[in-house]
Every structure is written in structure tokens, then in C-alpha cells.
Amino acid sequence: PAGISARPITEFQIGRADKQFGPFEFVGGLEMTSPTRDFGALSAFRFLKGGSDFIGVADTGFWFFGTVVRDANKRPSGIQNFRIQQMVDEAGRAIDEKWEVDAEGLAVKDGIATVGFERDHRVAQFKIDPDNMKAPFKQLNFLVPARELRQNRGFETVTHANPYGQHEGGLVVVSEKSLDKSGNIYAAIIEG
């Protein structure tokens with residue numbers, strides 16, 4: 001468990017009341033602070049339960065879990081049950097070297113968390129257990145030649161495509177400014 005304070009953010013732009021941006025509506029956000037030393041560097045999170053329970057990764061090698069609390073208008077108002085766990089190796093030992101656990105992208109499906117890592121470029125899958133996350137059970141072939149991924153510009157986005165679209169829910173990874181000679185960002189559909 002980690003003590004956390006969350007302050008609602010009610011404006012998308014300071015001093016502006018705009019809430020609608022094309023088809024999107026800004027419903028609110030949270031500014032989170034904590035005295036816990038390992039809190040911070042949150043890279044990505046996904047809801048495990050629609051709009052409330054979540055899982056996330058930090059680029060310092062931590063998992064985080066919690067629940068978004070909402071007000072009467074269903075806008076985010078706080079965080080409950082926030083906890084963090086350090087990523088571990090196959091022997092269950094905490095991994096302290098940031099370059100080994102620089103987690104950036106996260107996708108969740110069917111109780112599996114798929115994480116993209118930078119520096120030690122890889123895409124790994126973990127069984128989700130909020131009380132005891134273990135080492136990955138599978139490393140995925142991400143198709144992009146590893147030598148083409150820049151040091152701190154690995155897979156920033158990991159997501160599942162639209163299940164009804166042309167890629168039928170396939171797993172998609174997108175790098176962060178790892179470019180080919182024509183200036184295209186490296187990305188791949190690695191499952192589906």
C-alpha cells in the first residue's frame with residue numbers, strides 16, 4: 001500500500017471552460033502526490049474494471065494498482081486502495097536496474113498485461129495478479145529489428161486494435177521516435 005493524495009483537475013486548459021473537443025469531452029483528471037519514495041514516473045495505465053479498478057506501469061520498474069473514485073456526476077474525484085509492487089525476475093527478486101525495467105506501453109486483455117520496454121527493448125506478457133505480480137511468462141517477437149530501436153525510444157504504445165476492424169483485436173506496438181531512413185516511426189502488428 002502507498003499513501004496517495006489526489007486533487008481533481010476540472011479544466012483541460014487553465015482558465016478555460018471548454019469541455020468539448022470534437023467528439024471528445026473532458027470529464028476531469030487527477031493530480032496525484034505521495035510521500036512514498038517509489039511513487040512517480042507513471043507511464044501507462046488501463047482499467048481492469050470499467051472506470052474504476054486499474055493497473056499501470058512506471059518506467060522505474062514498478063506495477064501500480066488502485067481504484068478511481070468518482071463524484072455524483074461520475075467525474076474522477078480521488079484514488080483509493082493505491083499500491084505498488086516492484087517488477088521481479090524469474091527467481092522473484094526485485095529488479096533494481098532501471099535499464100532492465102523501463103516500462104512504457106501497456107495493454108490488458110483476458111487477465112494478461114502486455115508491456116513494452118525501452119532500453120532493453122522487448123514486449124513481455126504477465127499474468128495479472130494485483131497481490132503478487134510475477135516475472136513475465138512470455139516474450140513476444142515484436143518484428144521490428146532491435147537495432148532500429150533507439151536507446152530511449154522503444155515501444156511507447158502497446159494496444160489492441162479494434163476487435164471489429166481489419167486487424168481483429170491484434171496486438172499493436174508503436175515506438176517513440178525510432179525512425180527509418182524515410183522518417184517513418186517503427187510500429188508493428190504482432191498478434192492477430
Side-chain angles (χ1 to χ4, degrees), residues 1-7 9 12 28-68 76 78-89 94-109 111-130 132-140 142 144 146 148-161 171-179 185-188 190-191:
I4 190 166
S5 296
R7 182 186 67 80
I9 298 171
F12 188 75
L30 296 170
E31 176 185 352
M32 302 185 308
T33 58
S34 175
T36 304
R37 180 178 67 91
D38 295 319
F39 176 79
L42 310 179
S43 296
F45 84 96
R46 298 287 181 262
F47 285 111
L48 296 172
K49 187 174 166 187
S52 63
D53 297 348
F54 60 84
I55 180 176
V57 292
D59 71 7
T60 52
F62 286 86
W63 296 100
F64 59 92
F65 297 88
T67 303
V68 174
I79 300 286
Q80 287 181 340
N81 197 25
F82 190 84
R83 55 218 184 274
I84 58 176
Q85 296 178 46
Q86 196 165 5
M87 291 183 176
V88 298
D89 63 17
I95 303 171
D96 292 322
E97 297 295 330
K98 179 178 168 47
W99 68 269
E100 292 182 79
V101 285
D102 190 350
E104 294 293 341
L106 172 66
V108 171
K109 186 177 182 181
I112 304 297
T114 304
V115 180
F117 292 89
E118 301 187 309
R119 299 174 199 245
D120 180 11
H121 301 296
R122 65 195 185 285
V123 178
Q125 292 188 313
F126 302 79
K127 291 182 180 165
I128 298 173
D129 180 352
N132 189 17
M133 291 296 289
K134 305 241 189 281
F137 69 88
K138 186 177 184 182
Q139 301 286 338
L140 300 178
F142 49 80
V144 175
E148 296 295 347
L149 295 171
R150 308 308 172 250
Q151 176 66 20
N152 198 25
R153 305 263 189 225
F155 294 117
E156 194 78 11
T157 299
V158 178
T159 191
H160 290 277
L171 193 59
V172 178
V173 294
V174 182
S175 70
E176 176 192 13
K177 296 182 184 173
S178 283
L179 307 175
I185 292 177
Y186 280 101
I190 62 174
E191 283 186 339

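Counting begins at 1 with the first residue of the sequence.
Not one N or O on the side chain of R7 forms a donor-acceptor pair closer than 3.5 Å with the backbone of S5. Of the possible donor and acceptor atoms, none in the side chain of S43 sits under 3.5 Å from a partner among the backbone N and O of A58.
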| request: Apply side-chain contact (heavy atoms from CB on, under 4.5 Å) to the pair D89 and I95, showing each step before the final yes or no. | output: CA-CA 6 Å; D89 63 17; I95 303 171; 4.2 Å; yes
| query | Checking side-chain contact (heavy atoms from CB on, under 4.5 Å) for the pair V172/I190: CA distance, chi angles, key distance, verdict? | reply | CA-CA 6 Å; V172 178; I190 62 174; over 6 Å; no
| said: Between F82 and I84, does the side-chain contact (heavy atoms from CB on, under 4.5 Å) criterion hold? Intermediate values first, please. | reply: CA-CA 7 Å; F82 190 84; I84 58 176; 3.6 Å; yes
| query | Please walk me through it: do Q85 and F65 pass side-chain contact (heavy atoms from CB on, under 4.5 Å)? | reply | CA-CA 9 Å; Q85 296 178 46; F65 297 88; 3.7 Å; yes
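Side-chain contact, D96 with Q86: a donor N or O sits under 3.5 Å from an acceptor N or O. Side-chain contact check for T114 and Q125: at least one donor-acceptor pair (N or O, by modelled atom type) lies under 3.5 Å.
Across H160 and L171, no two heavy atoms sit closer than the pair CE1-CD1, 3.5 Å. The minimum heavy-atom distance between D38 and F62, with the atom names listed, is CG-CZ, 3.3 Å. Heavy-atom minimum distance, G78 versus A6: CA-CB, 4.0 Å. Shown here for V57 and G105, the closest heavy-atom pair between the two residues is CG2-O, 4.5 Å. Here the closest heavy-atom approach between residue I9 and residue L30 is recorded as CD1-C, 3.7 Å. Pairing each heavy atom of R122 with each of D120, the nearest pair is NH1-O, 2.8 Å.
Using a 4.5 Å cut-off on side-chain heavy atoms (C-beta onward), F155 and F117 make no contact. Counting heavy atoms from C-beta on, the side chains of F64 and L42 come closer than 4.5 Å. Between I4 and T33 there is no side-chain heavy-atom pair separated by less than 4.5 Å. Proximity of K127 to K134: side-chain heavy atoms (C-beta onward) are nowhere separated by under 4.5 Å. Counting only heavy atoms from C-beta outward, the side chains of V68 and F47 approach each other to under 4.5 Å. With contacts defined as side-chain heavy-atom distances shorter than 4.5 Å, the pair F126/I112 does not qualify. With contacts defined as side-chain heavy-atom distances shorter than 4.5 Å, the pair I185/V174 qualifies.
Partner V123 forms a side-chain contact (heavy atoms from CB on, under 4.5 Å) with one of L140, V144, V115 and no other, that one being L140.
To the nearest 0.5 Å, the span separating CG on L106 from CH2 on W63 amounts to 6.5 Å. The distance from atom CD1 of I55 to atom CZ of F45, rounded to the nearest 0.5 Å, is 12.0 Å.
Scored by the side chain to side chain donor-acceptor pair (under 3.5 Å) test, S34 finds T36 as partners (sequence neighbours excluded). With sequence neighbours excluded, no residue forms a ring pair (Phe, Tyr, Trp, His ring centres under 6.0 Å) with F137.
The salt bridge (Lys or Arg N to Asp or Glu O under 4.0 Å) analysis of residues 41-63, with sequence neighbours excluded, yields the pairs D59-K98.
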